[in-house]
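Working notes for the structure below.
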Amino acid sequence: MKYRTAMISDLPEVAKLYVDGFKHQLHTIFGRHIPEKIFIDFLYRVRKLEKNGFIVACENGKIIGFTIMSVNPFKLYAKIFLLSFFPSVYSLISGRYSGICFHKALKSFLDFVKFSQKSSFADKKYKNAGQVITMVVCESMRGRGIGGNLLHRGLDYLKKSKNTVKLEVRQDNFPAVHLYKKNGFVEIGIVHSKVGCSLIMVKHL
Ligand SMILES: CC(C)(COP(=O)(O)OP(=O)(O)OC[C@H]1O[C@@H](n2cnc3c(N)ncnc32)[C@H](O)[C@@H]1OP(=O)(O)O)[C@@H](O)C(=O)NCCC(=O)NCCS
């Protein structure tokens with residue numbers, strides 16, 4: 001198993017893993033058809049802005065897991081929004097994101113902003129913390145420590161400039177909650193949203 005920072009050529013595989021890993025939540029937002037291109041474009045921006053926090057696990061040339069960590073999540077999302085707004089509108093109009101209408105895209109974006117506001121209210125004290133943005137391991141490879149290894153590598157990256165890290169995780173996501181608790185994260189709040197309840201967790205690095 002090899003762990004390294006993500007390359008542009010990895011992004012289609014990573015986007016597929018992301019869509020598979022969060023299919024239930026994404027179906028609630030987008031319906032049956034989830035356009036992977038949206039995630040490829042999003043991941044492209046993330047890689048550009050937070051290259052060393054975007055870590056993949058690969059075996060025999062195949063990507064089997066990834067994590068994204070950010071030293072400044074607010075800045076990361078703000079930059080992604082500014083860089084993506086007009087290209088995204090163009091992609092929606094031109095049909096590059098076929099299957100998703102402008103109304104749905106805007107609604108999910110506003111839901112995300114609402115969730116982020118609630119979550120930053122819950123953890124005001126930790127507004128300068130780094131963040132575990134996401135992590136996914138291919139379903140058939142779970143339970144072998146790959147998620148734990150990705151987490152450790154990501155935290156090593158954050159540790160260089162941050163002394164606290166936070167994350168949001170669905171309360172009913174038992175494997176993820178178990179993994180985070182096992183690695184020293186503690187619950188500091190809970191946020192209720194349309195897709196369920198999410199725990200806010202933090203860890204001192
Ligand atoms: C969360 C995730 C990345 C973990 O990856 P992984 O490679 O399985 O992680 P690890 O093997 O290092 O650890 C998983 C732990 O969860 C445990 N686990 C698995 N299923 C579980 C369950 N239903 N309830 C509680 N714990 C569970 C495993 O036993 C293991 O703990 P252990 O090492 O003490 O035995 C993976 O489950 C995943 O991709 N989930 C879908 C995407 C997701 O939810 N990401 C997190 C978003 S915040």
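Both ligands and their constituent atoms are indexed starting at 1 by order of listing. Values below: every heavy atom of this structure, side chains too, minus hydrogens, waters and symmetry copies. In this chain, numbering begins with 1 at the start of the sequence shown.
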Side-chain heavy-atom pair Gln131, Glu168 within 4.5 angstrom cut-off: yes
Minimum-distance protein heavy atom relative to atom 11 (O) of ligand 1: Gly145 N, 2.8 Å
Thr67 side-chain N/O to Thr134 backbone N/O, donor-acceptor pair under 3.5 Å: yes
Close approach, Thr134 and ligand 1, non-hydrogen under 4.0 angstrom: no
Shortest protein heavy-atom distance from atom 7 (O) of ligand 1, along with the residue and atom involved: Gly147 N, 2.8 Å
Nearest neighbour of atom 21 (C) of ligand 1 from the list Pro175, Cys138, Ala57, Gly21, on a heavy-atom basis: Pro175
Met135 contact mode with ligand 1 (heavy-atom cut-off under 4.0 Å): both
Any N/O pair Ala176/ligand 1 closer than 3.5 Å: no
Protein contact of atom 44 (O) of ligand 1 - nearest heavy atom, named by residue and atom, plus distance: Asn173 ND2, 2.6 Å
Heavy atom of the protein closest to atom 15 (C) of ligand 1 (residue, atom name, distance): His178 CD2, 3.6 Å
Identity and distance of the protein heavy atom lying nearest atom 41 (C) of ligand 1: Arg142 NH2, 3.5 Å
Considering all heavy atoms, the nearest Gly21-Val136 contact: CA-CG1, 3.9 Å
N or O pair under 3.5 Å between Phe22 and ligand 1: no
Side chain, backbone, both or neither: Tyr180 near ligand 1, heavy atoms under 4.0 Å: side chain
Exam field: side chain Asp41 to backbone Ile38, donor-acceptor pair closer than 3.5 Å: no
Euclidean distance, Leu150 CG relative to Ile68 CD1, rounded to 0.5 Å: 11.0 Å
Region of Val136 that comes within reach of ligand 1 [heavy atoms, distance under 4.0 Å]: both
Under-4.0 Å heavy-atom contact between protein and atom 38 (C) of ligand 1: yes
Which residue and heavy atom of the protein sit nearest atom 24 (N) of ligand 1, plus the separation: Phe174 CB, 3.3 Å
Whether Glu13 side chain and Ile63 backbone form a donor-acceptor pair below 3.5 Å: yes
Verify atom 35 (O) of ligand 1: protein non-hydrogen atom under 4.0 angstrom away: no
Check: Arg4 side chain, Val56 main-chain N or O, donor-acceptor pair, under 3.5 Å: no
Test item: Tyr18 and Phe66 side chains (from C-beta on) under 4.5 Å apart, heavy atoms: yes
Under 3.5 Å: donor-acceptor pair, side chain of Arg47, backbone of Ala6: yes
Under 3.5 Å: N/O of Met141 near N/O of ligand 1: no
Euclidean distance, Ile55 CD1 relative to Leu151 CG, rounded to 0.5 Å: 9.5 Å
Proximity of Val137 to ligand 1 by residue part, where a heavy atom lies under 4.0 Å: both
Any donor-acceptor N/O pair, Asn183 side chain to Leu179 backbone, under 3.5 Å: yes
Within-cutoff protein neighbour (heavy atom, under 4.0 Å) for atom 2 (C) of ligand 1: no
Proximity of Lys182 to ligand 1 by residue part, where a heavy atom lies under 4.0 Å: side chain
Heavy-atom protein contact below 4.0 Å for atom 29 (O) of ligand 1: no
